[in-house]
Structures are given as structure tokens and as C-alpha cells.
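Each chain gets a letter, A, B and so on, in the order its sequence line appears, and its residues count up from 1.
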Amino acid sequence: MPKAAKGRSGKPEKKRAKKDPNAPKRGLSAYMFFANEQRENVREENPGVSFGQVGKILGERWKALSEKQRAPYEAKAAADKKRYEDEKQAYNAQADGDDDESS
DNA sequence: CCTGTGATTGTTTTC
DNA sequence: GAAAACAATCACAGG
């Protein structure tokens, strides 16, 4: 059951701005790792494709892979997520109490 | 307790 | 250098 038709319901607002004091950016996404590898392949199989094209093709290819293929990327994403946990932790520690920051 | 929301992440190409 | 399509995410917070 699709919790809610969330997603990009049409809100092409520019990039986001930070809102947290130390903004513990989250971890990367599987697509990021996948793109890192496919970007070369996609551009190679699609010579001459413009920005919009390659971008789309990349996405199509992403899902074109099998879950197993995404596995390595998901794994990286999961690993990266852990990385974020670290930031979040530091953010948490500092956000909460703090030993000395107000000089 | 459960939910969804928002914020974020990195790539590519083009000028 | 910046901007948009492309996709995943998923930790955080609130009623």
C-alpha cells in the first residue's frame, strides 16, 4: 500500500537551504553510486546525448538493472548512510548539551 | 504508536 | 559555476 502519493508533486524550487545549525547532511543514495559507474557507460553507449537525455537514460538504466545489480549500489548507499549517522551523532551531541561553545 | 515530510546527495551535459 | 532530470533515502519530528 502506497502510504501516500508522495514524491515530487511538482515543486521545482531551487536547491534547498540548510536549516540546522550544523546540518548533518544525510547519506548518499544508491543512484549516486550507480551513476558513478554508469555515467561512463551511459555516455559511451549514448554519444552525443545532451544533458537531459543522458540524465534520463541514466535513470532508466538504473532500474534496468536487477536488484542484485543494484545491490552493490544499495550496499554503498547503506554504508554511506552510516557515514551520515556519524554526522548526525556529532550534531546530536553538540545540539544537545555542549561542553563549551559559548566562549 | 504510526505517518509523512522534508532535506539531502551526486551524476551528467551545456553555455 | 550553475541549473535541471534522474532516483533513493530515511532520520527526524509531530499528533
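- For Arg70(A) and dC6(C), the CZ to C1' distance is 14 Å, given to the nearest whole Å.
- One can place CD of Glu74(A) at 12 Å from C1' of dA7(C), the figure rounded to the nearest angstrom.
- Considering every non-hydrogen atom in both Arg39(A) and Leu58(A), the closest pair reads N-CD2, 4.3 Å.
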Given protein heavy atoms under 4.0 Å, the one-letter contact record of nucleotides 8-15 of chain B, with B base, S sugar-phosphate only and - none, is simply BBBSBB--
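- The residue among Glu60(A) and Glu85(A) whose nearest nucleotide of DNA chain C lies closer to the 5′ end is Glu60(A).
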task = Just do the ring-ring contact (aromatic ring centres under 6.0 Å, His included) check on Phe34(A) and Tyr73(A) with the steps written out, would you?
result = CA-CA 6 Å; Phe34(A) 156 86; Tyr73(A) 308 107; 5.4 Å; yes
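- Between Ser29(A) and Ala77(A) the shortest heavy-atom distance is C-CB, 3.8 Å.
- Using a 4.0 Å cut-off, no side-chain N or O of Lys56(A) falls inside it from OP1 or OP2 of dA5(C).
- Among Gln89(A), Lys81(A), Arg83(A), the one residue that satisfies the side chain to side chain donor-acceptor pair (under 3.5 Å) test with Glu85(A) is Lys81(A).
- The distance from atom CZ of Arg43(A) to atom CD1 of Ile57(A), rounded to the nearest 0.5 Å, is 10.0 Å.
- For the pair Gln89(A) CD and dC10(C) C1', the computed distance is 17 Å after rounding to whole Å.
- Per the geometry, CD belonging to Gln38(A) stands 16 Å off P belonging to dC6(C), to the nearest Å.
- Note on Phe34(A): nothing from the nucleic acid sits closer than 4.0 angstrom, heavy atoms only.
- Note that CZ of Arg61(A) is 11.5 Å distant from CD of Gln69(A), once rounded to the nearest 0.5 Å.
- Taking atom CZ on Arg83(A) and atom C1' on dC10(C), their separation rounds to 17 Å, with Å as the unit.
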